[in-house]
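Each ligand, and each atom within it, is numbered from 1 in the order the structure gives. Residue numbers run from 1 in the order of the sequence given.
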Amino acid sequence: MQTQLVVIGGGPGGYAAAFLAADEGLQVVLVEAEGRLGGTCLLRGCIPSKALLHVARVVSETQEMEHDWGVSFGTPTIEIDKLRERKNKVIDTLSGGLGGLAKKRNVTIVKAFAKFESANTLSLEGDDPSIPEGGKIHFENAIIATGSTPAFPGAFNIGSDRVMDSTGALDLKDIPETMLVIGGGYIGLEMGTVYANMGTKVSVVELQDGLLMGADRDLVRPLAKRLKSLFDDRIFLNTKVGSVSKSGDDKVEVTFEGPSKFGSEKYDRVLISVGRSPSTRNLGLENLPSIQTDQRGFIVHDDNLQTGMENIYVIGDAAGEPMLAHKANHEGRHAVEVILGHATTFDKRAIPAVVFTDPEIAWAGLTVEEAKRDGVSHQVVAYPWAASGRAQALGRTEGMTKWVVDPETERILGCGIVGPNAGELIAEAALAIEMGCVVRDIAETVHAHPTLGETMMNAAEVFYGTATEIYKPKKKPAK
Ligand code: NAD
């Protein structure tokens with residue numbers, strides 16, 4: 001098989017690249033070991049977890065209704081088989097849709113595991129009929145979009161399906177009575193939220209002295225408070241897991257070493273969510289010595305996503321942090337633009353990050369921590385949701401919206417939001433940073449009332465000391 005472009009990996013990076021290349025008239029082959037498109041995000045990541053988080057949110061809202069509003073629905077009963085079926089249906093619908101789109105665009109899908117034999121040849125492993133005779137693809141350009149897999153340290157690998165990674169947790173085998181989440185990052189807190197709302201007694205152990213250490217502390221605080229209650233005060237920070245072992249009663253025994261938890265405890269299930277590793281081994285890169293990987297396994301590349309071989313590109317999780325589907329998608333499209341010879345750049349400055357917990361946390365651009373670390377002159381203007389009519393009506397006043405602004409130029413450097421729907425609201429911030437907005441642009445944009453989106457405008461007004469619903473005069477410069 002001979003092609004102009006081969007894409008290795010059919011996740012949100014790989015299929016976006018393949019589809020754009022085909023739309024632009026290139027002949028494209030996409031090699032995907034699983035045979036169906038979607039990658040981690042669709043098949044065992046973003047989409048199934050959001051389907052389950054939707055259920056979790058409804059359960060917690062009905063509880064809030066009863067507690068705060070006097071409207072009760074009774075205790076929910078959960079049919080786990082039906083729930084799993086529905087989640088799988090969401091995946092099948094979307095993956096089937098992608099398959100149909102690939103066909104319409106004449107993108108050839110080959111179900112195989114691809115390895116580089118040389119800078120122009122891939123060898124294919126597998127026995128699917130889609131594999132061409134001879135088991136090789138000769139290509140002009142290649143895009144590596146192989147993604148990542150959950151990190152699973154050897155000490156936790158005790159040969160029991162009671163110790164799971166995120167894929168196992170999304171499989172929803174049962175609703176365990178107790179579950180320990182190891183790692184208080186994105187995955188641990190999202191999946192912990194799902195299971196706790198389904199009735200599991202969830203505990204979280206985290207090595208560092210806070211949850212979600214990549215996010216600003218003031219954004220994490222309202223979430224940590226709510227999780228403390230959801231997880232029954234069982235969040236163990238600064239704590240190391242000593243050992244994990246099978247116990248005689250079909251449980252998992254875990255030992256802890258830390259100030260808030262010491263000794264051992266048994267759990268029905270344990271979720272390992274301690275990060276992800278790029279899938280760049282076994283790709284035959286040893287046959288291409290000019291392509292380098294760094295110590296974490298990310299493939300070294302330039303701003304155009306070009307590796308040490310000028311016709312081989314890398315995108316998405318295999319290319320480095322942040323390991324986010326939307327970053328992969330944009331990188332995929334950028335790599336294709338470069339291959340087509342278009343004048344193009346991709347600036348990572350405004351990639352939004354969203355943690356889909358309750359409340360959600362979202363940020364884009366420079367965080368306050370990054371601004372401090374890098375010595376960037378900045379001013380933070382924040383608007384508490386307690387002053388928002390919509391947040392009051394929803395009973396969710398713990399939220400906050402803040403802008404990070406360059407005080408000299410008044411240009412927006414970053415944004416952080418905590419509160420329900422923060423993940424939707426952050427789109428405005430990404431656009432503001434992308435467009436190079438000054439804070440007045442946001443303050444003078446009419447936002448509909450009463451919406452949570454208004455807090456974006458209100459926080460911008462705080463910069464000028466003129467927010468209507470809070471009294472916060474602008475500080476006079478010191479004489
Ligand atoms: P993470 O990096 O977000 O969090 C891992 C946490 O585990 C860290 O806080 C770390 O300190 C802790 N940790 C590491 N080793 C530990 C140990 N032995 N004991 C206790 N704690 C330990 O990683 P993740 O939650 O596994 O997610 C992986 C990646 O997947 C994320 O970086 C993110 O890019 C992506 N992801 C994104 C979303 C989203 O966009 N909403 C959701 C899920 C995953």
Taking only heavy atoms of [X] into account, list the atoms of ligand 1 that are under 4.0 Å away from them.
X      : value
Phe356 : 41 (N)
Gln208 : 11 (O)
Gly185 : 3 (O), 4 (O), 6 (C), 25 (O)
Leu324 : 34 (O), 37 (C), 40 (O)

Starting from [atom], what is the nearest protein heavy atom, named by residue and atom, and what distance separates them?
atom                    : value
atom 19 (N) of ligand 1 : Ile182 CG2, 3.5 Å
atom 20 (C) of ligand 1 : Leu207 N, 3.5 Å
atom 37 (C) of ligand 1 : Tyr186 CD2, 3.2 Å
atom 25 (O) of ligand 1 : Ile187 N, 2.8 Å
atom 7 (O) of ligand 1  : Gly183 CA, 3.3 Å
atom 26 (O) of ligand 1 : Gly275 N, 2.8 Å

Going by an N to O cut-off under 4.0 Å, is there a salt bridge joining [X] and [Y]?
X      : Y      : result
Arg396 : Asp358 : yes
Asp317 : Lys327 : no
Lys261 : Glu257 : no
Arg221 : Asp218 : no
Glu321 : Arg296 : yes
Glu32  : Arg36  : no

Test of proximity, [X] against ligand 1: N or O pairs below 3.5 Å:
X      : value
Phe156 : no
Met323 : yes
Glu321 : no

Min over Val244, Thr239, Val204, Val274 of heavy-atom distance to atom 15 (N) of ligand 1 lands on Val274
Going by heavy-atom distance to atom 12 (C) of ligand 1, choose the closest among Arg276, Glu206, Met213. Glu206
Under-4.0 Å heavy-atom contact with ligand 1, by part of Val205 that carries it: backbone
Examine the proximity of ligand 1 to Val354 and report which part, side chain or backbone, both or neither, has a heavy atom under 4.0 Å away. backbone
What I want to check is whether the side chains of Thr167 and Arg44 have a donor and an acceptor closer together than 3.5 Å. no
Which of parallel (below 30°), tilted (30 to 60°) and perpendicular (above 60°) describes His330 and Phe346? parallel
side-chain hydrogen bond (donor to acceptor under 3.5 Å, both in side chains) for Thr255 and Ser243? Distances and angles first, verdict last. CA-CA 5 Å; Thr255 63; Ser243 66; 3.0 Å; yes
Contact check, side chains of Leu43 and Ser95, non-hydrogen atoms, under 4.5 Å: yes
Report the C-alpha distance between Ile182 and Phe156 in whole Å, list the side-chain angles of each, state the deciding distance to 0.1 Å, and finish with yes or no for side chain to side chain contact (heavy atoms under 4.5 Å, CB included). CA-CA 10 Å; Ile182 303 185; Phe156 301 150; 4.2 Å; yes
Measure the distances from the heavy atoms of Ser273 to every atom of ligand 1 and state whether one is below 4.0 angstrom. yes
